[in-house]
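None of the values given here were measured: they were computed from a predicted structure.
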Amino acid sequence: MVDDDGGDGDGNDECFFSLVLNIGLFMDSEEIHVLVLCIHWHGIRQIGTPWADGTAGVSQCPINPGETFLYRFLLDKAGTYFYHGHYGMQRSAGLYGSLIVDVAEGEKEPFDYDGEFNLLLSDWWHRSIARQEVGLSSVPFRWIGEPQSLLINGRGQFNCSVAAHVSNTSTPQCKFRGNEQCAPQILHVLPNKTYRLRIASTTALSSLNLAIQDHKMIVVEADGNYVEPFEVEDIDIYSGESYSVLLKTNQKPSQNYWIAIGVRGRKPNTPQALTIVNYNTTSTSKLPPSPPPVTPIWNDFARSKSFANRLFPLAGSSAPPPRQHHRRLVLLNTQNLIDGRIKWAINNVSLKVSGTPYLGSIKFNLKTAFDHRSPPESFPKEYNVMEPPVNPNSTLGDGIYVFKFNSTIDVILQNSNALERNTSEIHPWHLHGHDFWVLGYGEGKFKEGEDDEKFNLKNPPLKNTAVVFPFGWTALRFVADNPGVWFFHCHIEPHLHMGMGVLFAEGVNRLGHVPREALLCGLTGKMLMTAPNPH
C-alpha cells in the first residue's frame, strides 16, 4: 500500500511505501515449511533506510514465523520495478510481484500514452526449492535443469500449446475457457492508440526475448530511468532488468496478435510463453491465424550487444558520470570447487554471508562478526579467462568491500571460462542501493588503460542491473553516496546461492537509529538484548 499521510510527520510532502509482514507456516503436498523470508524492493534505492532493503544477513535478520516486520521507505523516483524474496531461493518459488511507482502529482512523463499494461516475466520448476538447494550443495552436484515453463504474469503453458493450431508440434491444444488461473491474461486494446508496456524479468535462470507479432515497440525506460526512444522488433531482457516500451495498435483490428517470450543465452529446452493482444473489434477467442514470433537463436550474442549499446539516457534526465574514479575493483567470476562441491567465486572467493547482519556489525563495530580483511580487488594478470582454471579450488569468504563515502567506484565485471572447457555463461549483475552508469562492454580480458579509452563518459545509461556476456567484460561506475551495506550479485538465483556475489559498505557511521527488529539475530541480537535503545 502507499502511505499518503504526507510523509513521516515532519511536514515533508514525500511519498512513502509501507508494508507490514506477519510470517507463519504453509504446507504443500510433500511437507510442512517454516516460512522465513525477507522482501527486497528491487530497484528502490532505500535512501536513508538501508535496513528496508530486504536482504537476509546483510541489511536485516530473516523474518521468522510469528514475527512482524515493517518495511517503510521513500519512493524517490518513478519507474517500473518489482519485489521478490531475498532469503535462500524463494524467488524461484514464486515470491515476487510488480511494483510500479507513478510520477508525483503535478509531474508528467516525457512521453504520452493512452493506457498501460504490466508484464512480469518469470520461469517455473516442478521441483521444490528445498530440493533444488540440496542438489546445488550435493556431491555429486545436481543442477536445477531448465525450467518447465516460462510465465507471463504467473501464467504459462505446460504439456499443451496455446498455438498448437498454427505450430509444428505434436503437443495438444490448450483448452482454456478464459477463467482458469493458468489461462493467459489477454491484453485488451483499442485500435490506433498508444499503450505503455511495463516489462520486468524476475526469472531465476532464464534470459528472455519478447516480441509482439506484427508490431514494433519503442523503448523509453530502462530500470526506472528514461532513455532516448528507439524502435525495436523485439527486446532482450535479463533477470533483474525492467523496461517500458510504447506499443502502437496500428495493425488490422480484425485479428488478434501473439505476444511471445522465449529463452536466450542458454540452449532452450522450455516452450515459449504466449499471450494475446486483443483488438476490441474482434473476439478474444479468435486465435491469431499465424505462428507466434520465433525467438532469435539463443547464442547470437552480437545481437544482444547491439541492443545494449543502443541505450542512452534521455537528454536532461540524468547527469553524466564523474570523469575519474577513486577506486577500481576488477571482479573475475569463475566456477570452482570447494570440498568437492561446485561453487561460483569472485576473485577466487565464494561468498558465504555472515550470520549477523553486516549493517549492525559495522554500525556497532563488532570485530568477530565477519572477516574484516578486504576481499581481493583484482585477480592475477597471468590468469587466462579463455581457459578453465588451472587450479579449480576456491575458498569461502564473508569479507566486505568498504568504500570512502562519496567516492567514485569503478567495477569491471570480468567473465571467464567455467570448469568445462569452451563454456562461459551470461551473468546479469544487480546492485542494491544505487544506480550505476554502464560505461561499456568488451571482448576477452579487460586491458587496463587501453580499454578505458573505449568508455562512454558522455552519455552512458543509468541502470541497476547489467549483463556481462560470455568471455567478455562490462564496466560500471557509481558514486558511493548512500549510507548502508549493499549486495552486488548475479541475479541468477542458483548462481547467487552458489556464492556469486560481493558486499559493499559505505557511510554506515552516518546512519542514526537502526530499527531493533532488523538486527535481533546473531551477535547484534545478543547485544541488543542488554541495550534496548542503542543509537
Side-chain angles (χ1 to χ4, degrees), residues 123 132 135-147 203-208 236 238-239 263-270 295-305 308 330-351 375-376 378-397 412-429 441-448 450-451 466-475 489-502:
D123 41 16
Q132 290 184 40
L136 293 172
S137 302
S138 296
V139 180
F141 177 75
R142 296 197 301 274
W143 177 239
I144 64 170
E146 301 304 308
T203 54
L205 176 65
S206 307
S207 302
L208 301 174
D236 279 353
Y238 303 96
S239 179
V263 172
R264 294 272 280 141
R266 308 179 66 85
K267 291 183 179 179
N269 194 29
T270 308
T295 306
I297 188 169
W298 69 273
N299 58 355
D300 182 358
F301 297 117
R303 196 176 192 280
S304 304
K305 296 170 188 175
V330 184
L331 304 182
L332 171 72
N333 67 264
T334 55
Q335 198 176 54
N336 300 84
L337 298 173
I338 299 178
D339 298 328
R341 293 174 172 83
I342 295 179
K343 297 288 185 180
W344 287 98
I346 303 301
N347 293 346
N348 209 40
V349 178
S350 184
L351 181 64
S378 189
F379 60 95
K381 291 183 179 180
E382 63 272 16
Y383 191 94
N384 187 350
V385 301
M386 308 303 290
E387 296 288 336
V390 175
N391 176 11
N393 295 309
S394 182
T395 58
L396 294 173
I412 311 298
L413 292 168
Q414 177 68 64
N415 214 337
S416 67
N417 201 106
L419 287 172
E420 183 180 343
R421 188 174 296 278
N422 298 322
T423 300
S424 184
E425 298 188 25
I426 273 182
H427 300 288
W429 276 72
Y441 306 88
E443 309 289 336
K445 189 174 180 179
F446 179 78
K447 296 178 283 295
E448 194 88 28
E450 180 180 339
D451 283 331
V467 65
V468 54
F469 293 102
F471 296 111
W473 55 263
T474 299
H489 61 87
C490 179
H491 210 258
I492 292 176
E493 192 87 307
H495 289 185
L496 174 58
H497 187 74
M498 295 161 66
M500 196 174 189
V502 294

Quick check against the 3.5 Å criterion: does [X] have a side-chain atom that pairs as donor or acceptor with the backbone of [Y]?
X	Y	answer
Ser350	Gly397	no
Thr270	Pro147	yes
Arg264	Ile297	yes

Paired with Trp429, the side-chain contact (heavy atoms from CB on, under 4.5 Å) test is passed by just one of Thr474, Ile492, Val468, namely Val468
Between Phe471 and the options Gln414, Lys445, Met386, the side-chain contact (heavy atoms from CB on, under 4.5 Å) test singles out Met386
| request: Kindly determine whether Trp473 and Asp451 satisfy side-chain contact (heavy atoms from CB on, under 4.5 Å), including the steps that lead there. | output: CA-CA 10 Å; Trp473 55 263; Asp451 283 331; 3.5 Å; yes
The complete set of salt bridge (charged side-chain N to carboxylate O under 4.0 Å, His left out) pairs with one or both residues in residues 381-393, sequence neighbours excluded, reads Glu387-Arg421
Residues at least two apart in sequence or cross-chain that pass side-chain hydrogen bond (donor to acceptor under 3.5 Å, both in side chains) with Ser424, listed by chain then number, are Asn415
Sorted by chain and residue number, the side-chain hydrogen bond (donor to acceptor under 3.5 Å, both in side chains) partners of Arg303 (sequence neighbours excluded) come out as Asp234
Please report the closest heavy-atom contact between [X] and [Y], naming both atoms and the distance.
X	Y	result
Ala418	Gln335	CB-OE1, 3.4 Å
Ser416	Leu332	CB-CD1, 3.8 Å
Ala204	Pro494	O-CD, 3.5 Å
Val385	Gly444	CG2-C, 4.2 Å

Original post:
Taking the inter-plane angle between the rings of Trp298 and Phe301 on a 0 to 90° scale, is it parallel (under 30°), tilted (30 to 60°) or perpendicular (over 60°)?
Top reply: perpendicular
Mind checking whether His495 and Trp344 have parallel, tilted or perpendicular rings, split at 30° and 60°?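 Rings of His495 and Trp344: tilted, as their planes differ by 30° to 60°.
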Nearest 0.5 Å, what's the [atom1]-[atom2] distance between [X] and [Y]?
X	Y	atom1	atom2	value
Phe379	Ile412	CZ	CD1	10.0 Å
Thr395	Asn393	OG1	CG	10.0 Å
His427	Phe469	NE2	CZ	12.5 Å
Met500	Ile346	CE	CD1	5.0 Å
Leu136	Lys343	CG	NZ	8.5 Å
Leu496	His489	CG	NE2	5.5 Å

What I'd like to find out is whether the side chain of [X] reaches to under 4.5 Å of the side chain of [Y], using heavy atoms alone.
X	Y	result
Asn347	Leu331	yes
Ser394	Thr334	no
Leu413	Asn333	no
Met498	Glu493	no
Asn348	Asn336	yes
Ile426	Pro428	yes

Original post:
Does the side-chain contact (heavy atoms from CB on, under 4.5 Å) test come out yes or no for Leu337 and Leu419, once each step is laid out?
Top reply: CA-CA 9 Å; Leu337 298 173; Leu419 287 172; 4.0 Å; yes
*Residue Asp339 excluded, over 12 heavy atoms near CG under 6.0 Å*: no
Decide whether Ser304 and Asp236 meet the rule of one side-chain donor and one side-chain acceptor closer than 3.5 Å.
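Side-chain D/A pair, Ser304 to Asp236: present.
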Derivation of the side-chain hydrogen bond (donor to acceptor under 3.5 Å, both in side chains) call for Thr203 and Asp123
CA-CA 5 Å; Thr203 54; Asp123 41 16; 4.5 Å; no
Lys/Arg N to Asp/Glu carboxylate O, Arg266 vs Glu425, below 4.0 Å:
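Yes, Arg266 and Glu425 are salt-bridged.
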